[in-house]
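Every value quoted in this text rests on a predicted model; they were computed, and no experiment measured them. In listed order, ligands and their atoms are each counted from 1. Worth knowing before you read on, the calculation uses all heavy atoms, side chains too, and leaves out hydrogens, waters and symmetry mates.
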Amino acid sequence: MTESQQEWAAKGIDITVPSIARAYDVVLNGKDNFAVDRAFVDELVKIVPEIYDVATYNREVLRRGVHYMISQGVRQFIDLGSGLPTVQNTHQVAQEVDPEVRVVYVDNDPMVEVHGRAILASSPGTSVVSGDLRDPAAVLASPEITDLIDFTQPVGIMLVGILHHLHDDEDPQGIVDAYMAAVPSGSHLFITSFCASSAEAREAEKQFLAMLGTGRFRTEEEITAWFGGFELAEPGVVPNPLWRPDGPVDEASLTVGQKLMYGGIARKG
Ligand code: SAM
């Protein structure tokens, strides 16, 4: 192990294999990544040249989705698989509408913990849980959540850009259901996910599996099924750029990259 690898390893960060959070940081043009993460993205670019734009579409729909949920009366969010702090994080997007909004970020990447805590230390109404979202009981019982979230009031449960990292045997549906069971009527569920919408998507999925060790892109129907019986807001589950866009988007001319991730928001009645 090199000296630099040892230094990072002491913080629980392995720089010899790509991490989901750091690879996402690469495509968002962040600085918190290593050569191994950039090598993974280089491989993805060969399959989907627009992969950097795909990350941007996802961040843009995150902003629109958070604003929508606020318009529906949600004032507290649990952002599961939140990623490394970047520009326009959930609390910034939300608090520009209402400074009283509270946000708990949940992620299991040690790099997110280091950076998240540093940034959020100065941000009122936010906290970070370093935990595994696949264990809803433990996440929901963590003091950062029980201190900040009022479970008698609507909560926005966000699983944005994460469920394609869970394999079927990890029971993503059971995980979604467990979070939604913990929140009251008027709460919302916000999901975006990579979608097996093209031959390129299937190739990208193989690359995820080979280099990140996770990757199961679902069909539009499978993504829709995660919302169960909840009431989907218009326009339903659609490619990210088509979900309540700020301006007109020509559906007929969507590119492979624009259709790589699908998303939607539903309300618990
Ligand atoms: N939600 C953000 C967005 O869409 O802009 C970030 C998405 S990023 C692609 C996925 C994040 O999920 C990464 O930061 C990764 O560390 C985190 N993650 C992956 N598996 C996780 C798990 N089991 N528990 C908690 N976080 C996880």
Side-chain angles (χ1 to χ4, degrees), residues 12-14 17-30 32-34 37 40-41 44 51-66 69 77-94 103-117 119 128-140 142 144-145 156-167 169-172 174-176 178-179 189-195 204-205 207-209 211-217 223 240 243 260-265:
I13 295 166
D14 184 350
V17 289
S19 100
I20 299 167
R22 297 182 332 235
Y24 191 59
D25 184 64
V26 175
V27 282
L28 288 171
N29 297 308
D32 301 315
N33 53 73
F34 300 100
D37 308 306
F40 166 64
V41 172
L44 277 187
I51 198 73
Y52 286 75
D53 294 334
V54 174
T56 303
Y57 304 143
N58 193 54
R59 292 301 293 184
E60 286 173 348
V61 81
L62 183 148
R63 174 182 55 78
R64 298 196 300 274
V66 167
M69 290 188 280
F77 296 91
I78 302 178
D79 187 348
L80 297 154
S82 48
L84 277 157
T86 176
V87 286
Q88 292 287 74
N89 299 295
T90 299
H91 75 282
Q92 288 149 330
V93 165
V103 179
V104 182
Y105 294 102
V106 180
D107 207 287
N108 67 351
D109 191 295
M111 192 92 162
V112 174
E113 181 175 8
V114 172
H115 288 268
R117 289 199 193 282
I119 287 190
V128 184
V129 176
S130 297
D132 192 328
L133 66 87
R134 293 170 298 182
D135 188 350
V139 168
L140 290 167
S142 57
E144 293 86 351
I145 289 202
I157 296 291
M158 298 174 57
L159 285 154
V160 177
I162 170 66
L163 288 177
H164 49 263
H165 290 295
L166 302 193
H167 294 278
D169 62 4
E170 293 173 300
D171 191 17
I175 291 168
V176 169
Y179 286 109
L189 171 62
F190 182 10
I191 292 174
T192 72
S193 170
F194 275 88
C195 182
E205 179 185 40
Q207 203 61 50
F208 268 58
L209 264 178
M211 294 184 78
L212 292 177
T214 70
R216 163 80 167 87
F217 295 6
I223 295 170
N240 278 350
W243 199 88
L260 202 52
M261 293 183 78
Y262 276 54
I265 295 188

Please state which protein non-hydrogen atom is closest to [atom] and give its distance, to 0.1 Å?
{"atom": "atom 2 (C) of ligand 1", "result": "Ser82 O, 3.3 Å"}
{"atom": "atom 3 (C) of ligand 1", "result": "Tyr24 OH, 3.4 Å"}
{"atom": "atom 23 (N) of ligand 1", "result": "Asp132 OD1, 2.8 Å"}
{"atom": "atom 13 (C) of ligand 1", "result": "Asp107 OD2, 3.5 Å"}
{"atom": "atom 24 (N) of ligand 1", "result": "Leu133 N, 2.9 Å"}
{"atom": "atom 9 (C) of ligand 1", "result": "Gly161 O, 3.3 Å"}

From the options Asn108, Asp79, Asn89, select the one whose nearest heavy atom is closest to atom 22 (C) of ligand 1.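 Among Asn108, Asp79, Asn89, the closest heavy atom to atom 22 (C) of ligand 1 belongs to Asn108.
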Do ligand 1 and [X] have nitrogen or oxygen atoms that lie under 3.5 Å from each other?
{"X": "Leu80", "answer": "no"}
{"X": "Gly81", "answer": "yes"}
{"X": "Val112", "answer": "no"}

What part of [X], side chain from CB on, backbone N/CA/C/O, both or neither, has a heavy atom under 4.0 Å from ligand 1?
{"X": "Asn58", "value": "side chain"}
{"X": "Ala55", "value": "neither"}
{"X": "Ile162", "value": "side chain"}
{"X": "Arg59", "value": "side chain"}

Does Gly131 reach ligand 1, in the sense of a heavy atom lying below 4.0 Å from it?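 Gly131 counts as a contact of ligand 1 under the 4.0 Å cut-off.
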Gly83 heavy atoms, cut-off 4.0 Å: which ligand 1 atoms fall inside?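 In order of numbering, the contacting atoms are 6 (C), 14 (O).
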Per-atom contacts, ligand 1 versus Asp109 - under 4.0 Å to a heavy atom: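 Counting atoms of ligand 1 from 1, those under 4.0 Å from Asp109 are 16 (O).
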Do the side chain of [X] and the main chain of [Y] share a donor and acceptor less than 3.5 angstrom apart?
{"X": "Tyr105", "Y": "Thr90", "result": "yes"}
{"X": "Glu205", "Y": "Phe217", "result": "yes"}
{"X": "Thr192", "Y": "Gly161", "result": "yes"}
{"X": "Arg64", "Y": "Trp243", "result": "yes"}

As an exercise, state the distance from [atom1] of [X] to [atom2] of [Y], rounded to the nearest 0.5 Å.
{"X": "Met261", "Y": "Ser193", "atom1": "CE", "atom2": "OG", "answer": "6.5 Å"}
{"X": "Met69", "Y": "Phe77", "atom1": "CE", "atom2": "CZ", "answer": "4.5 Å"}
{"X": "Ser19", "Y": "Leu84", "atom1": "OG", "atom2": "CG", "answer": "7.0 Å"}
{"X": "Arg216", "Y": "Leu166", "atom1": "CZ", "atom2": "CG", "answer": "11.0 Å"}

Side chains of Tyr24 and Asn58 only: does a donor on one sit below 3.5 Å from an acceptor on the other?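 A pair is found: one side chain offers a donor N or O, the other an acceptor, under 3.5 Å apart.
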When the ring centroid of His165 is compared with that of Phe208, is the distance short of 6.0 Å?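 Yes, close enough.
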His164 and Phe194 aromatic ring geometry - parallel, tilted or perpendicular at 30°/60° bounds: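 Phe194 vs His164 ring planes: perpendicular.
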